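The structure under discussion appears below in the form of structure tokens.
All of these numbers come straight from a predicted model, not from anything done at the bench. First the proteins, then the strands, lettered A, B, ... as listed; each starts at 1. Heavy-atom basis, side chains included; hydrogens, waters and symmetry copies ignored.
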Protein chains: 2
Amino acid sequence: MSSSSAAPAAKPPMRDALVAAAFQLFLERGYEQTTVDDIVALAGVGRRSFFRYFPSKEDVVFPDHERCLADMTAFLAESGEADEPVRRVCDAARLVLRMYAENPAFSVQRYRLTKKVPGLRAYELSVVWRYERALAAYLRGRLTGRPDGTLRADVIAAAVVAAHNNALRSWLRSDGKGDAGVAVDHALGYVQATFGRSARPHPASPLPEPVSAPTPAPSVSGGERAEHPDDVIVLVTRRDAPLWRVVQEFESTLGRA
Amino acid sequence: MSSSSAAPAAKPPMRDALVAAAFQLFLERGYEQTTVDDIVALAGVGRRSFFRYFPSKEDVVFPDHERCLADMTAFLAESGEADEPVRRVCDAARLVLRMYAENPAFSVQRYRLTKKVPGLRAYELSVVWRYERALAAYLRGRLTGRPDGTLRADVIAAAVVAAHNNALRSWLRSDGKGDAGVAVDHALGYVQATFGRSARPHPASPLPEPVSAPTPAPSVSGGERAEHPDDVIVLVTRRDAPLWRVVQEFESTLGRA
DNA sequence: CTCTCTCGTTGCACTGAGTGCCAAGATCCC
DNA sequence: GGGATCTTGGCACTCAGTGCAACGAGAGAG
């Protein structure tokens with residue numbers, strides 16, 4: 001078998017070599033100042049092979065979004081009726097964060113690049129849009145029959161993406177220092193508090209346990225499943241809200257169908 | 001002065017001729033099957049002039065978004081402290097709708113085009129993104145000092161855009177039949193009910209304008225700060241979340257600096 | 001009236017992304 | 001060894017977009 005020695009990876013060596021060469025040139029020369037011919041020359045491969053692995057020059061900057069999008073789609077597809085939809089899409093968003101957090105250095109470099117190059121920003125937008133549509137499609141399925149089903153699905157999906165990106169960008173701006181998971185959890189918590197309600201009928205579980213925190217990780221945890229009946233509901237309302245509204249919120253929060 | 005006779009417009013005749021020629025060819029031949037040379041040949045002008053009026057081939061499909069974006073920016077800039085921010089951005093979004101509603105036939109044709117051509121969808125996304133950033137920038141200015149100012153600004157801007165687009169697209173899908181204004185008002189009413197609150201100390205003014213929203217306004221709504229000492233905080237976490245995370249959420253929610 | 005200065009328009013040549021086609025080499029299976 | 005198949009590379013082509021310089025019409029000065 002091929003030894004996992006110095007070379008980058010095993011499965012698609014050429015692809016990774018192209019990404020490495022591309023980023024090296026992009027960083028030292030700039031994106032638009034680098035031609036595809038420069039990349040393939042540095043990588044030592046034929047120009048035609050570049051476009052075999054990447055449909056366009058922009059794709060080489062986002063080499064793993066396609067896989068991540070597939071993961072997210074699968075994650076949403078394996079969701080059951082028991083899952084609370086808003087929580088589910090928030091968890092799906094965390095998949096994207098995890099991908100960024102896997103390679104902080106790479107992500108920060110790419111962020112600097114996309115911030116400067118309008119063409120890359122536009123490309124990133126189209127990628128983000130596909131994530132958002134995946135979330136919205138899932139939510140539409142879960143909210144069919146509800147009063148403003150598709151409207152709410154679209155708005156919630158947009159809110160989740162915006163919150164995720166807000167936290168992600170602030171993390172990237174700080175050069176990947178700090179815990180991205182915490183920031184994203186906070187941002188998604190805001191969205192969840194705004195739109196979410198747990199489907200669990202368990203009413204009484206007032207406060208989380210002290211927890212000796214064996215897991216410093218806020219449990220981003222990609223493919224988690226249904227086994228979280230132990231949520232704690234916290235709800236923000238005005239004190240001047242009529243009581244019936246509070247009760248209504250409360251009831252709908254703890255799991256109407 | 002030049003008479004406003006039969007011709008489309010007066011100021012830039014060449015620009016309009018290019019738009020007309022482009023759409024004629026796009027509709028009968030398809031976007032990607034039409035080259036810039038085809039357009040300029042039909043319009044009877046030099047190829048170089050095309051790129052004088054439109055930075056790229058895609059721009060000819062959205063000839064008036066630049067102006068609309070400037071209008072929106074101006075509209076937001078002339079806003080005073082007295083305006084309720086969420087209402088203001090909703091009104092700003094209505095400016096975009098108005099532009100679409102001015103030429104229903106044109107808008108529907110363009111919608112069909114952008115729906116089919118991936119490149120145009122990507123371009124439209126970048127345009128929409130600029131609208132969203134304009135809204136978010138305004139909201140950030142209005143929410144500075146608030147607990148999660150920039151987060152809330154980004155999320156609200158995204159929600160407004162999503163709601164607007166939801167209604168707009170459904171109107172476009174129906175060939176421009178029906179009242180687009182009503183649909184958008186309803187969608188924006190949902191957003192306003194979700195995020196909005198009157199900045200006025202007047203407690204009893206649920207919906208000032210005739211937004212056509214007799215909605216009971218679920219107003220889930222995140223946490224306001226200083227001028228609302230009467231909030232009740234409700235927080236959603238997992239039971240297995242470490243306590244430090246809960247405390248952190250709690251503090252950041254009730255607006256520490 | 002003519003010269004000139006300017007501005008809008010145009011043609012031309014060039015770069016670079018992306019594609020189709022086919023040849024050359026590697027691999028696998030028999 | 002002898003295909004069949006897949007990957008890679010090279011070549012030529014289309015088309016978007018840009019820089020440059022020339023051309024022509026209108027405005028103003030003499």
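- Under the 30°/60° scheme for interplanar angles, the aromatic rings of B:Phe54 and B:Phe50 are found to be tilted.
- Judged by the 6.0 Å distance and 45° axis criteria, A:Arg94 is not positioned over the aromatic ring of A:Phe75.
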(request) Encode nucleotides 9-19 of chain C as B, S and - characters from 5' to 3', where the letter depends on protein heavy atoms closer than 4.0 Å: B to the base, S only to sugar-phosphate, - to neither. (result) BBBB---SBBB
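- With salt bridges taken as basic N to acidic carboxylate O contacts below 4.0 Å, one links A:Arg130 and A:Glu66.
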Identify each donor-acceptor pair in which a side-chain atom of residues 116-124 of chain B lies under 3.5 Å from a protein atom, sequence neighbours left out, and give them as a table.
unit_1, atom_1, unit_2, atom_2, d
B:Tyr123, OH, B:Asp59, OD1, 2.0
B:Glu124, OE1, B:Arg169, NH2, 3.4

Please report, to 0.1 Å, the donor-acceptor pairs under 3.5 Å made by any side chain of residues 17-31 of chain B, with sequence neighbours excluded.
unit_1, atom_1, unit_2, atom_2, d
B:Arg29, NH1, B:Asp38, OD2, 3.0
B:Tyr31, OH, B:Glu58, N, 3.4

